[in-house]
Amino acid sequence: MIKVEEISKSFDGIEILKEISTVFDKGKTNLIIGQSGSGKTVLMKCLLGLLEVDRGNIYFDNEKFDKENISAVANLRKEVGTVFQGSALFDSMTVLENIIFPMKMFSNTTDEEMLIRAQEVINRVDLKDADNKYPSEISGGMKKRVAIARAIVLNPKYLFCDEPNSGLDPKTAIIIDKLIQEITIEYNITTIINTHDMNSVMEIGDKIIFLVQGEKVWEGNNKQILKTNNKLVNDFVYSSELLRKVGKLGG
Amino acid sequence: MKLFFHIGRYFLMIKYTFTKFTKWNVLKKLIVQEIDDLIIGSIWIVAFMSFLVGGVVAIQTALNIESPFLPGNLIGFATRQSVILEFAPTLISIIMAGKVGSFITSSIGTMRVTEQIDALEVMGVNSFNYLIFPKIISLMLYPFLITLAMFLGILGGYVASVYAGFSTSFDFIQGIQLDFKVFHVIYAYIKTTLFAFILATIPSYHGFFMKGGALEVGKASNISFVWTSIVIIIINFVVTQLLLA
Ligand SMILES: Nc1ncnc2c1ncn2[C@@H]1O[C@H](COP(=O)(O)OP(=O)(O)O)[C@@H](O)[C@H]1O
Ligand SMILES: [Mg+2]
């Protein structure tokens, strides 16, 4: 579980996040949704400690994230897996080396044990015949699988995914979404996903917070989101033509 | 002042580069890779440039001093002095600011814009140490490149002046040995070592702190080249004032 208390963040005097409070549950896929530029990535980077919040607190399972406490931060880092928007694979390394990298940096296991563990996660994300390829040689969908494999290789308690299905065709996008959801349940991870894709919202929206210009304007799940009267949510949901039609059919 | 902000942040970057070290067996491989990219990968261009520039220096000296009263060994002497004191350390370093410098800025900048640096950071890797330290260490081999440049520069001068008939082989070789001061070589290597540090760190700074996308990576490489060259020229001036004047 991750708890966020009234966090705010400004860049050059412009407030990008405005007093956001919420709780992200364990074993669930928690979605941060909103249009491009609404502050999803900034919020995620604040949670990851890549950006410093101006005000507010963040708790990882009731332990307050305190930047000054170096050893606590270092320990937390090992419990967090991240899938960045463009996958952020290391170009200079093969797929296998990318996946082994976190183990190489932080665990004292033997090369053999690392290979066994890498093979486990490679099988888990269903990545075939890519071990010795470089990131530039594989498709976008494969890259996401590699990024997910790398993120879960150290058995994280928290998994962050920034628009994990951006740039993918709709079919692959759903497969990747489902994969993240399965992994979340299987390993009981607190997963946070940024997205603006309504398909994802409907498929894996166990818990949803909706941002408009850095403000949390609604919170709920994928069953409630179609029923709410919140005008901003409706605008966002029904900006997709298809859903508007489906919505009307459903009354 | 924006400049002071950059200078301050540059020195902080250097400080972070030497804290929280990456595991040695990971670092070792990175250093080998950097030596290959930065040093080995520059041998040919350094050899080519210094040989030709040495030749040009010798020919120009010869053309400017065509007086029967001047000793024949002057061409060799002047070529040696110019190549060791200035052309090999400084001119080659400016060229390296273009070659090695823009390579460093664009590779680190690309990692920045594609969030690879963020990925390192969230894993708990000190990205400064991981990315910059191996570059600094591998560029500590830079004096070898400059030694090569000195040698080939003088050889170029020899070939050009002897084969074009400006000097005899005997005169030129005598000129090279004339009035040889060890301190001049020490001065050249002090400069070279400072330049090596600049070549590793200023381009890293420009890559590390860039913002934007692919287009900005190109711009950052450009600005990095300009600043690396300016700093090299300034350091050259200061060191020369301090040590030779
Ligand atoms: N490092 C930064 N400096 C200044 N402004 C930023 C920075 N990062 C993000 N922003 C601004 O914050 C806003 C939210 O961005 P972001 O979180 O990336 O949106 P999204 O919801 O699409 O992920 C945007 O207006 C963006 O320009
Ligand atoms: Mg974003």
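First the proteins, then the strands, lettered A, B, ... as listed; each starts at 1. What you see below is based on every heavy atom in this structure, not just the backbone, and it leaves out hydrogens, waters and symmetry mates.
- When D25(A), T184(A), D206(A), T29(A) are each tested for a side chain to side chain donor-acceptor pair (under 3.5 Å) with T191(A), only one passes: T184(A).
- Interface remark: K104(A) contributes backbone and side-chain atoms alike to the contact with chain B (heavy atom separation under 4.5 Å).
- The contact between V125(B) and chain A is made by backbone and side chain atoms together, counting heavy-atom distances below 4.5 Å.
- The ring-ring contact (aromatic ring centres under 6.0 Å, His included) test with F133(B) is passed by exactly one of F21(B), Y16(B), W24(B), F128(B): F21(B).
- For F160(A), no part lies near chain B; criterion is any non-hydrogen pair under 4.5 Å.
- If you look at F90(A) and Y130(B), their ring centroids are not closer than 6.0 Å.
- Looking at M111(B), M210(B), R112(B) one by one, the single match for side chain to side chain contact (heavy atoms under 4.5 Å, CB included) with V217(B) turns out to be M210(B).
- Looking at L76(A), neither its backbone nor its side chain comes within 4.5 Å of chain B, counting heavy atoms on both sides.
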